[in-house]
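Values reported hereafter were calculated over all heavy atoms of this structure, with side chains retained and with hydrogens, waters and symmetry mates removed. All of these numbers come straight from a predicted model, not from anything done at the bench.
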Amino acid sequence: MTREPLVLRVVRATPRRGWIALGVFAALAFVVVPVSHLAFPPGSPLRVSDYAVTLGGKILCYAVVAVALDLAWGYAGILSLGHGLFFALGGYAFGMYLMRSIGHDGVYQSDLPDFMVFLDWKKYPWYWRGTEHLWWAVVLVVAVPALVAYVFGRFAFRSRIRGVYLSIITQALTYAAMLLFFRNETGFGGNNGFTDFKRILGHPIWAPSTRVALFALSAALLAGTLVLARWLVASRYGRVLAAIRDAESRTIFLGYDPVPYKLFVWTLSAVLCAVAGALYVPQVGIINPSEMSPGNSIEIAIWVAVGGRGTLVGPAIGAALVNLAKSYLTVAFPEFWLFFLGALFVAVTLVLPEGVVGLGRRLLARHAAPASQSPHSRRAAA
């Protein structure tokens, strides 16, 4: 019996309604938003504003991070409180290319970035070599977080560290990296990080066409991440991963080594976060060590919990809901935002353990139950 082609298996892993939803999403992201932003003048009621496109791009990147964490937490039981590290590493790797693209347009009109001139550096450190090329920056975006995740995961999973202990270690790793990047001598801009970007591939970074292109790339990354994740969790690999999550000792007894399964999903999750971080940086115009703060990583876990752990689409929805609320509350009630975030996490844990998606499924099931019990349906069944 011949095996189905990989493309066909990937397509079949996502149900029909999922492809319909992705089609609607693609129409909005690749047609409606670009046309509305580029074809209509500022002030037109039909135009999507610069702020909306930038905010939408940020939220799409956050949604990718939430889905990536859900792969590790929802399907492998690996609760990471340090995914902000991988997000920031991807952002810094691409930020190096953006800083090199400034050229002589900086304040000091030097070949070096302004922060290096200010600190009296005479040349680039060795690890900046080649970062003026986009292709090398893309390699760094993928390779550096993958290497960090692989080395950490190999030691942690082979040592059978799991549960709350693993979560604490991931947070400690992120905090240590944040302290390292705060130092000026590391060559990453210290507490100010990278900013004042001018162009990308020769195009002005704040041009409407560039902004729309970055938005579309973020949308494509989210769609691709969802399709890839659905295929993985629906495959034999995903079933073994779920077995490891639910009963690791029993899975070992059945002859499966959990280390390579957990290590692969952990590294893949880190790479997805890094790519999202690389797309995030040119859209917001800055990357600094605060992206590695433990609070940011905890917030990612809240997005997953709010949306629905172990649902893939739920974390993306949770990331959108929480960040839209954050955009409003940090302006209207800035002093209450953290209280709201903490209360939201407690409420979801106690009242909505399956998140927004779980609530939606229960409501749909409750609505469908009376219809199935109606006299008409009973006569039809008879």
Could you check whether the rings of Phe188 and Phe194 sit parallel, tilted or perpendicular, using 30° and 60° as the cut-offs? tilted
Using atom types as modelled, flag every donor-acceptor pair under 3.5 Å from a side chain in residues 216-223 to any protein atom, sequence neighbours excluded.
{"from": "Ser218", "atom 1": "OG", "to": "Leu214", "atom 2": "O", "distance (Å)": "2.9"}
{"from": "Ser218", "atom 1": "OG", "to": "Gln283", "atom 2": "NE2", "distance (Å)": "2.9"}

Trp136, CH2 atom: more than 12 neighbouring heavy atoms under 6.0 Å: no
Inspect the surroundings of OH in Tyr175 and state if more than 12 heavy atoms from other residues, nucleotides or ligands are less than 6.0 Å away. no
Would Phe94 and Tyr280 count as a close aromatic pair, with their ring centres under 6.0 Å? no
Would Arg211 and Asp50 pass as an ion pair if we require N to O under 4.0 Å? yes
Check whether Thr210 reaches the backbone of Trp206 with its side chain - one donor and one acceptor, N or O, closer than 3.5 Å. no
Smallest separation among heavy atoms of Leu85 and Ala177, with atom names: CD1-CB, 3.5 Å
To the nearest 0.5 Å, how far apart are CZ in Arg17 and CG in Leu22? 12.0 Å
Within the side chain of Thr174, is there an N or O that forms a donor-acceptor pair under 3.5 Å with the backbone of Met292? no
Mark yes when over 12 heavy atoms from residues, nucleotides or ligands other than Gln109 sit less than 6.0 Å from its CD; otherwise mark no. no
Strictly distance-based, threshold 3.5 Å: is any side-chain N or O of Tyr75 a donor or acceptor partner for the main-chain N or O of Gly238? no
Let me confirm one number: the CD1-OG1 distance from Ile20 to Thr14, rounded to the nearest 0.5 Å. 12.5 Å
Side chain of Thr311, backbone of Gly308: donor and acceptor closer than 3.5 Å? yes
Show, in sequence, the C-alpha distance, side-chain angles and deciding distance for Asn192 and Phe115, and conclude whether the side-chain contact (heavy atoms from CB on, under 4.5 Å) test is met. CA-CA 9 Å; Asn192 293 320; Phe115 73 87; over 6 Å; no
Applying side-chain hydrogen bond (donor to acceptor under 3.5 Å, both in side chains), can you list everything that pairs with Arg183, at least two apart in sequence or on another chain? Glu185
Could you tell me whether a side-chain N or O of Thr267 sits under 3.5 Å from a main-chain N or O of Phe264, the two making a donor and an acceptor? no
Looking at every non-hydrogen atom in both residues, tell me the closest pair between Ala325 and Phe340 and how far apart they are. CB-CE2, 4.2 Å
Pair Trp266 and His83, ring centroids less than 6.0 Å apart: yes
For Asp114, which of Thr195, Leu119, Val107 qualifies under side chain to side chain contact (heavy atoms under 4.5 Å, CB included)? Val107
Is it true that Asp111 and Lys123 make a salt bridge, defined as a side-chain N closer than 4.0 Å to a carboxylate O? no
Do side-chain atoms of Arg47 reach the backbone of Phe40 as a donor and acceptor pair under 3.5 angstrom? yes
Would you compute the distance between atom CG of Leu329 and atom CH2 of Trp337 and round it to the nearest 0.5 angstrom? 6.5 Å
Is the distance between the ring centroids of Tyr92 and Phe87 less than 6.0 Å? no
Of all heavy-atom pairs linking Thr186 and Phe181, the shortest is OG1-O, 4.1 Å
Any donor and acceptor pair, going by atom type alone, linking the side chain of Ser44 with main-chain N or O of Pro41 inside 3.5 Å? no
Distance flag, aromatic centroids of Tyr108 and Phe118, threshold under 6.0 Å: no
Are the side chain of Asn323 and the backbone of Ala319 linked by a donor-acceptor contact shorter than 3.5 Å? yes
Verify same cluster id: Leu55, Leu38 (apolar side-chain graph, 4.5 Å): no
Rounded to the nearest 0.5 angstrom, the CG-CG distance for Leu268 and Leu263 is 11.0 Å
Does Ala72 offer a backbone N or O that forms a donor-acceptor pair with the side chain of Ser269 under 3.5 Å? no
Looking at every heavy atom in both Phe197 and Ile205, which two are closest together, and how far apart are they? O-CG2, 3.6 Å
Which atom pair, heavy atoms only, marks the closest approach of Ile252 to Pro258? CG1-CD, 3.6 Å
Only distances under 3.5 Å count here; give the side-chain donor-acceptor pairs of residues 141-166 to other protein atoms, sequence neighbours excluded, each with its distance to 0.1 Å.
{"from": "Ser159", "atom 1": "OG", "to": "Phe155", "atom 2": "O", "distance (Å)": "2.7"}
{"from": "Arg162", "atom 1": "NH1", "to": "Glu248", "atom 2": "OE1", "distance (Å)": "2.8"}

Check whether any side-chain heavy atom of Val306 sits under 4.5 Å from a side-chain heavy atom of Leu344, and report yes or no. yes
Quick check: are there more than 12 heavy atoms from other residues, nucleotides or ligands sitting under 6.0 Å from CZ of Phe339? no
What's the spacing between Ile286 CD1 and Leu98 CG if we round to 0.5 Å? 12.5 Å
Are Val24 and Val33 linked, directly or through intermediate hydrophobic residues, by side-chain heavy-atom contacts shorter than 4.5 Å (ILVMFWY only)? no
Spell out, as yes or no, whether a donor-acceptor pair under 3.5 Å connects the side chain of Trp303 to the backbone of Leu321. no
Do you know which two heavy atoms are closest between Ala137 and Ala93, and how far apart they sit? CB-O, 4.2 Å
Between atom OH of Tyr124 and atom OG1 of Thr131, what is the distance when rounded to the nearest 0.5 Å? 7.0 Å
